[in-house]
Every structure is written in structure tokens, then in C-alpha cells.
Engineer: 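Shown below is the structure under consideration.
Hydrogens, waters and symmetry mates play no part in the numbers below; they use all other heavy atoms, side chains included. Each chain gets a letter, A, B and so on, in the order the sequences are listed, and its residues count up from 1.
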Protein chains: 2
Amino acid sequence: MAGAPRKESRTGAANTITADLVAVLVAVTDGEPKIMTIANAAALPSGPFEFTHRSLQMGLRAWVEAQTGHPLGYVEQLYTFADRGRAGGAKSPHSISISYLGLTREDKVGQGFEAHWSGWYEYFPWEDQRAGLPASLAKTLASRLRAWAKSADTTSLQRERWQRAAITFGFDDREWNEELVLQRYELLYEAGLIPEALRDGAPATTVIPGKPMTGDHRRILATGIARLRAKIKYRPVVFELMPAEFTLLQLQRSVEALAGRLVHKQNFRRLIEQQQLVEETGAIAADTVGRPAKLFRFRHGVLAERAVAGTKLPLSRT
Amino acid sequence: MAGAPRKESRTGAANTITADLVAVLVAVTDGEPKIMTIANAAALPSGPFEFTHRSLQMGLRAWVEAQTGHPLGYVEQLYTFADRGRAGGAKSPHSISISYLGLTREDKVGQGFEAHWSGWYEYFPWEDQRAGLPASLAKTLASRLRAWAKSADTTSLQRERWQRAAITFGFDDREWNEELVLQRYELLYEAGLIPEALRDGAPATTVIPGKPMTGDHRRILATGIARLRAKIKYRPVVFELMPAEFTLLQLQRSVEALAGRLVHKQNFRRLIEQQQLVEETGAIAADTVGRPAKLFRFRHGVLAERAVAGTKLPLSRT
DNA sequence: TTGGCTTATACTTATCCTGAGCATAATCGA
DNA sequence: TCGATTATGCTCAGGATAAGTATAAGCCAA
């Protein structure tokens with residue numbers, strides 16, 4: 001059994017599958033994060049990987065270009081998973097989905113396509129903590145999750161469940177961690193509080209606000225949001241979402257929109273400037289309320305100059 | 001063209017492919033990182049995904065268990081890529097590889113299998129900077145890469161190439177960044193300095209030290225090392241590689257082995273202790289040189305208590 | 001038995017980063 | 001001219017981090 005790597009299946013040609021490419025395509029417009037959707041805003045763009053594609057990413061690019069009429073810029077792979085064909089019960093997977101995160105600007109999308117942009121917080125209302133949570137939603141979430149925890153068989157399991165909920169949602173005076181998007185989604189799924197869970201067989205109840213999507217698409221979207229929220233902290237990827245020129249406040253609003261929380265204005269400015277990520281264009285923003293702001297542009301040089309990466313080890317410099 | 005998500009290929013059943021599961025299985029023994037290899041240490045364990053597998057990860061687990069005789073512990077997905085069938089020229093891919101990172105202990109591997117452990121620095125000698133680079137290798141790398149940079153057509157391209165080399169390898173007094181494992185490998189590939197490049201058609205030259213692997217396996221290994229080096233900094237994954245009880249120095253040596261560089265002893269201890277990652281067992285290490293050290297064990301509670309994640313945004317707490 | 005070697009462990013120090021807040025500048029409109 | 005609003009400069013305190021000093025506790029050989 002142990003042996004050289006094999007490219008052929010041991011049971012012959014029967015174990016062949018199809019591969020779907022799924023895109024989480026993000027843009028930020030007017031301080032709101034948007035994703036490209038199809039099928040009446042219930043699905044992410046996705047298409048099959050075909051032999052004419054030279055590579056997985058090329059396949060995705062080709063597909064998105066056909067959809068939007070514009071070439072795709074920044075793309076990175078998210079995750080690959082096997083479709084369980086959940087609706088069909090315990091079938092083993094005959095198809096896998098390879099998901100990607102793409103960043104673009106809304107204005108780059110051609111017209112005349114069925115696809116359109118949807119605000120991503122329509123699918124994840126609890127992820128927008130910029131104005132705090134709507135009191136109603138906050139209360140609902142906490143009480144429903146507490147009920148779910150209580151419904152466990154043993155006390156230790158009950159405690160475990162509530163601890164998990166408290167960590168991911170920041171209950172009991174814990175800090176909100178904006179990166180736990182996927183963990184929160186999966187918790188709600190397990191707790192049977194979202195439509196996808198009911199669809200897959202959880203007992204019927206009132207669900208929590210938030211639009212569902214077909215298949216695993218909302219899970220993929222959660223993965224994409226989590227990745228992006230993590231990435232904007234150590235790589236200058238926000239600029240893929242910005243117009244060529246922008247004010248620091250616009251930049252800040254975009255970051256806040258993605259992170260789902262507010263940042264300290266003066267410190268944000270300091271952070272951006274000391275990293276020399278931007279340079280002044282010399283121009284001044286027009287049509288603004290209050291004191292006019294300088295316009296900046298991304299200093300593309302940084303991409304070549306640096307290889308940003310955080311370190312948390314007490315390294316020796318010698 | 002734009003439309004609902006389709007699971008079927010538009011050209012019929014012809015676009016089916018096979019999926020291989022590839023494992024980067026890591027252990028650390030005596031302060032040396034090892035990976036499980038097969039095929040005379042020239043390939044990573046890999047096996048086809050089959051319909052009997054309930055999920056991708058289950059497929060991988062089943063496969064590794066069959067190989068090593070032990071259940072696999074920590075597993076995370078690395079990356080999915082399409083095999084170009086490089087040897088065959090410009091063929092489009094009919095097979096994809098889904099790679100995983102697995103962490104275990106060497107002593108958990110059963111005997112009587114063809115697979116065995118190899119030190120990962122045999123494949124990446126330049127990644128071990130614990131004792132600094134062997135002077136010979138350092139000199140070779142720098143001069144070969146400089147030559148490659150010089151061989152570019154335009155001066156600006158030459159500058160670009162050398163800048164890239166300097167950033168990834170820490171030339172010109174730049175800091176060494178241990179996370180850039182993949183970037184370094186790909187640079188060497190592009191520069192035609194490793195056997196895989198020659199195999200794929202680069203002009204013949206003397207290659208740089210470091211064992212090659214079949215197919216893309218050394219690239220996958222680089223991906224796994226990079227991921228692990230990044231992850232040990234913000235998640236307590238090292239403990240998956242440690243025995244049940246260990247001294248702080250042993251823990252430090254393992255981290256150093258993975259990171260390929262030394263850490264400051266006192267600060268490392270402080271970091272570990274203040275995060276409360278470990279607890280004393282009460283016992284004292286035997287058979288040691290110098291003052292005997294306390295034995296510690298991983299506090300598994302932290303996994304439930306916390307959701308560790310670094311933040312780099314100037315967030316407002318209000 | 002003692003001095004030397006090795007590792008463990010406790011503290012100190014200087015520096016930098018980060019969150020937070022104060023103060024002032026510049027623009028518009030009532 | 002006042003008030004509202006945003007831009008921008010600056011300070012400050014606390015915490016984290018890199019590095020070094022000092023002491024403790026074993027072993028071993030002279």
C-alpha cells in the first residue's frame with residue numbers, strides 16, 4: 001500500500017470528478033463592502049473548470065471576465081472542499097469546489113450582465129459592528145445561542161457550547177474579534193439558527209436575520225471575508241479596492257467597512273503614513289464638507305521594496 | 001453566458017479530472033524538523049481521492065493512517081493546484097493536487113512501511129539559518145543570483161531581479177525573513193538554479209545544493225514550511241509536535257528548528273509564560289547537563305478559552 | 001572539595017509601538 | 001461671525017519587545 005506517488009486511481013477511471021471554480025469577488029463602494037452575486041443574489045459566481053483553461057486561476061479569470069467584461073486584478077485562492085451533495089443525504093462527493101478571493105472596484109464592472117453587486121452585510125448582519133449591533137439582533141443572538149447551549153445533554157457540554165459562543169461573538173465582556181467570521185457562521189449553522197441548517201435537516205425554528213445562499217456559498221463567503229479581514233492588517237491589499245486617488249478618510253472608511261468596526265482616526269493616519277504606503281498627489285479633494293483633505297495615491301513601489309510580514313518570536317538579531 | 005451556477009460542465013462529461021491528496025507531514029525530533037517521504041525520499045506521500053472517502057480530509061487521513069499505522073492529529077489544508085504535466089509540454093491539466101499540512105510526532109509512526117522521515121533542510125539547506133549560513137552556500141547563492149539578475153535584458157529588469165533576490169534572501173543588509181520560503185524557492189526555480197528547473201526545460205548549469213523532488217512536491221513542501229513558520233507565531237501549534245512533557249529549552253529548540261533561526265532564551269520563556277500556554281508538571285527533567293529544568297505540559301485549556309488572533313489596526317475600543 | 005562548565009531562572013533597561021485624547025486649522029453655510 | 005464638520009499635528013501613558021546582567025543549581029574533573 002505504501003509506495004510511489006500515483007497519479008492514477010487504483011480502482012481505474014471511475015474516481016474522476018468535476019471541479020467548480022467559485023469566486024468571492026469584492027468591491028467597496030461608498031463605504032459599503034459588496035460582493036458579486038448571481039441567481040437573484042443567492043449564489044456566488046461559479047463555473048466549471050475546463051480543459052481549455054491553462055490553470056485554475058486562468059480558468060477563474062476567464063470566467064469572471066466573461067461575466068463582468070473586465071479583467072480581474074488581485075486574486076488569491078481561498079479553500080477547496082468537496083461538495084457533500086447535502087440535499088441528497090450521505091452521498092460521497094463527486095465534485096469539488098475551489099474558491100478564490102478577488103478584489104476589484106465596482107466601477108470596473110460592465111453593464112448588461114445578470115450578475116450584480118450585493119452588500120455583504122445582507123448575508124452577515126451580525127458582522128457589521130461599526131455602529132454597534134442593532135440592539136434587537138444582539139439580544140436575539142445571545143438568547144438563541146444561550147438556549148442552544150442549554151439544550152445540550154450534559155452540564156459540561158452546555159458550558160462548552162456557551163464558552164464557544166461567548167468567544168466567537170464576544171459575549172460576557174469578551175472582546176469582539178472581527179476575524180472569526182467563519183467560526184461564527186459555523187456556530188450558527190450547528191445551532192440550527194440559519195436557513196441553510198434547516199435546509200440540511202436541522203429541526204425547524206425561526207431563523208436569525210441574514211440572507212441565505214445556495215449550497216455552501218455563504219460559508220465560502222464567510223471564508224473570504226475572514227481572509228480579507230485578516231489580510232488587510234499585514235498586506236496593502238485595501239488599495240486594490242480604492243480608486244486611483246483618495247483621501248485618508250475614504251481609505252479609513254473602506255478599512256472600517258471591511259473590518260466591520262471603527263478605527264481611531266489619528267492613529268490610522270499615523271499608521272498609514274509611517275509605513276509610507278501612500279504619497280500625496282498634490283491635489284485637494286473637492287465637494288467635501290469641512291476642511292478639504294489632501295488626495296493620496298498608493299505608492300506601488302512598496303510592493304517591490306518590501307516583503308511585509310509580522311513576527312511574534314523573540315528573535316535574536318545576532 | 002452569465003447565469004445560474006452550474007455543476008455540470010458545458011461541454012458534457014468530458015471535463016472530469018482526478019484529484020490527488022498530498023501530505024506535508026511534519027515532526028520534530030532532537031531539534032530537527034522532519035517530513036514524511038516516500039519513493040526514496042524523493043516524493044511526498046500522496047494518494048488519489050476516491051469515492052469511498054467521505055470528505056477530502058477524511059481521504060487524506062485514511063491514506064496517512066494506512067501509511068504510518070497511526071491516526072493523524074492536526075491537519076490543515078494548504079493549497080490546490082493543477083498539474084501542468086510539465087514533462088509533457090503545454091498540456092492542459094487533467095489532474096489537480098490538494099495539499100495538506102499535518103503535524104505529528106515521529107515516535108507515533110509504525111514500522112514496516114516504505115515511508116520514512118527525512119530532515120526538511122536536506123531539501124532547503126538555505127532555510128536553516130540557525131548557525132548562520134555555511135559560508136560557501138551563502139557565497140554561491142549571492143553570486144549565482146547576481147549573475148541571473150545581470151543576465152536580464154534591460155537595466156531596469158536587472159535592478160528588479162536583484163531587488164527581488166535581495167528581499168527574499170536578505171542580501172544588502174536586509175533582514176532575513178524566515179516566512180518567505182516559497183518565494184525563495186520560486187526565485188531559484190525562475191533563475192534556473194535547481195534541478196526541477198532544468199528538468200522542466202531551463203538551460204543546463206550547475207545547480208545549487210538541496211535535494212529535488214518529483215513533480216511539484218518540493219514546491220508543496222515549501223508552501224507547508226512557510227505556513228508552519230507563520231502559524232507558530234500566532235497559534236499554539238508547536239505543541240502538536242512536542243511530547244507530552246518537555247522543558248522550556250526543548251520547546252525553544254523545536255521552535256528554532258522550525259523557524260530556522262535562533263530566539264532569545266529569556267524572552268522566549270517570558271513569552272510562553274505570560275501567555276499561560278504551559279503549566280508545570282511538578283517533575284524535573286532527568287539526564288541533563290547543567291541545572292535541571294522543570295518539566296511543563298501544554299495547557300489544553302487555552303484552545304477553548306481563547307481565540308488567539310493578532311490585530312494590527314488601530315481599533316477603537318469604545 | 002573546589003573551581004569550571006553548563007543550563008535554568010529572575011530582573012533590569014532602553015526603545016518602540018499603540019491606544020487615546022487634546023488642540024488647532026480650514027472650509028461651508030446660516 | 002458663529003457653529004458644524006472634517007483635517008491634521010502633537011502629547012502622553014502603558015505595554016510589548018529586544019537585549020543584557022546577575023544569580024542559582026546541577027555535573028565533572030582536578
Engineer: Measure from CD on Glu273(B) to C1' on dA8(C) and round the result to the nearest Å.
Structural biologist: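 That distance rounds to 11 Å.
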Engineer: By nearest atom, which of the nucleotides dT9(C), dT12(C), dT8(D) is closest to the Arg270(B) side chain?
Structural biologist: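 The nucleotide sitting nearest to the side chain is dT12(C).
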Engineer: Closest heavy-atom contact between Ala166(A) and Arg174(A)?
Structural biologist: O-CD, 3.5 Å
Engineer: Of the options dT8(D), dT17(D), dA24(D), whose atoms approach the side-chain atoms of Arg291(B) most closely?
Structural biologist: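 Of all the options, the side chain of Arg291(B) is nearest to dA24(D).
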Engineer: Nearest heavy-atom pair of Tyr121(A) and Ala259(A): which atoms, and what distance?
Structural biologist: OH-C, 4.3 Å
Engineer: Could you check how far CZ of Arg253(B) sits from C1' of dT6(C), rounded to whole Å?
Structural biologist: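 It is 12 Å, rounded to the nearest whole Å.
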Engineer: Is the base of dT17(D) touched by the side chain of Gln266(B) through a donor-acceptor pair closer than 3.5 angstrom?
Structural biologist: no
Engineer: His264(A) has a side chain; which of dT18(C), dA20(C), dT5(D) sits nearest to it?
Structural biologist: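 So the nucleotide nearest the side chain must be dA20(C).
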Engineer: Given atom CZ of Phe268(B) and atom P of dT7(C), what is their separation to the nearest angstrom?
Structural biologist: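 One finds 16 Å between P of dT7(C) and CZ of Phe268(B), rounded.
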Engineer: Should the pair Arg184(B) and Trp126(B) be classed as cation-pi, given the thresholds of under 6.0 Å to the six-membered ring centre and 45° from the axis?
Structural biologist: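 No - Arg184(B) does not lie over the ring of Trp126(B) by the 6.0 Å and 45° rule.
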Engineer: Hey, is the side chain of Arg269(A) poking within less than 4.0 Å of OP1 or OP2 on dT8(D), counting only N and O atoms?
Structural biologist: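 Looking at the OP1 and OP2 atoms of dT8(D), one of them is under 4.0 Å from a side-chain N or O of Arg269(A).
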Engineer: Do the side-chain N and O atoms of Glu106(A) and Thr29(A) include a donor-acceptor pair separated by under 3.5 angstrom?
Structural biologist: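 There is such a pair (donor and acceptor under 3.5 Å, judged by atom type) between the side chains of Glu106(A) and Thr29(A).
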Engineer: What is the distance, rounded to the nearest whole Å, between atom CD of Gln252(A) and atom P of dT8(D)?
Structural biologist: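 Distance, rounded to whole Å: 12 Å.
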Engineer: Look at the side chain of Leu249(B) and decide which nucleotide, out of dT5(D), dT8(D), dT7(C), has an atom nearest to it.
Structural biologist: dT7(C)
Engineer: For Gln274(B) and dA10(C), give me the distance from atom CD to atom C1', rounded to whole Å.
Structural biologist: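 Distance, rounded to whole Å: 15 Å.
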Engineer: What nucleic acid atoms does Leu248(A) come within less than 4.0 Å of, heavy atoms only: base, sugar-phosphate, or nothing?
Structural biologist: nothing
Engineer: Considering only dT8(D), dA8(C), dT27(C), which nucleotide approaches the side chain of Lys294(A) most closely?
Structural biologist: dT8(D)
Engineer: For the pair made of CG in Leu262(A) and P in dA20(C), what is the distance, rounded to whole Å?
Structural biologist: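 Rounded to whole Å, this separation is 12 Å.
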Engineer: Quick one: Lys265(B) NZ to dC11(C) C1', roughly how many Å, whole number?
Structural biologist: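 Taking atom C1' of dC11(C) as the reference, NZ of Lys265(B) is at 16 Å.
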Engineer: May I have the distance from Gln250(B) (atom CD) to dA8(C) (atom P), rounded to whole angstrom?
Structural biologist: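 Computing the Gln250(B):CD to dA8(C):P distance gives 9 Å.
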Engineer: Go nucleotide by nucleotide along DNA chain D from the 5' end; which of Val289(B) and Ala293(A) gets its closest nucleotide reached first?
Structural biologist: Ala293(A)
Engineer: Report yes or no: do Glu76(B) and Tyr74(B) form a side-chain donor-acceptor pair below 3.5 Å?
Structural biologist: yes
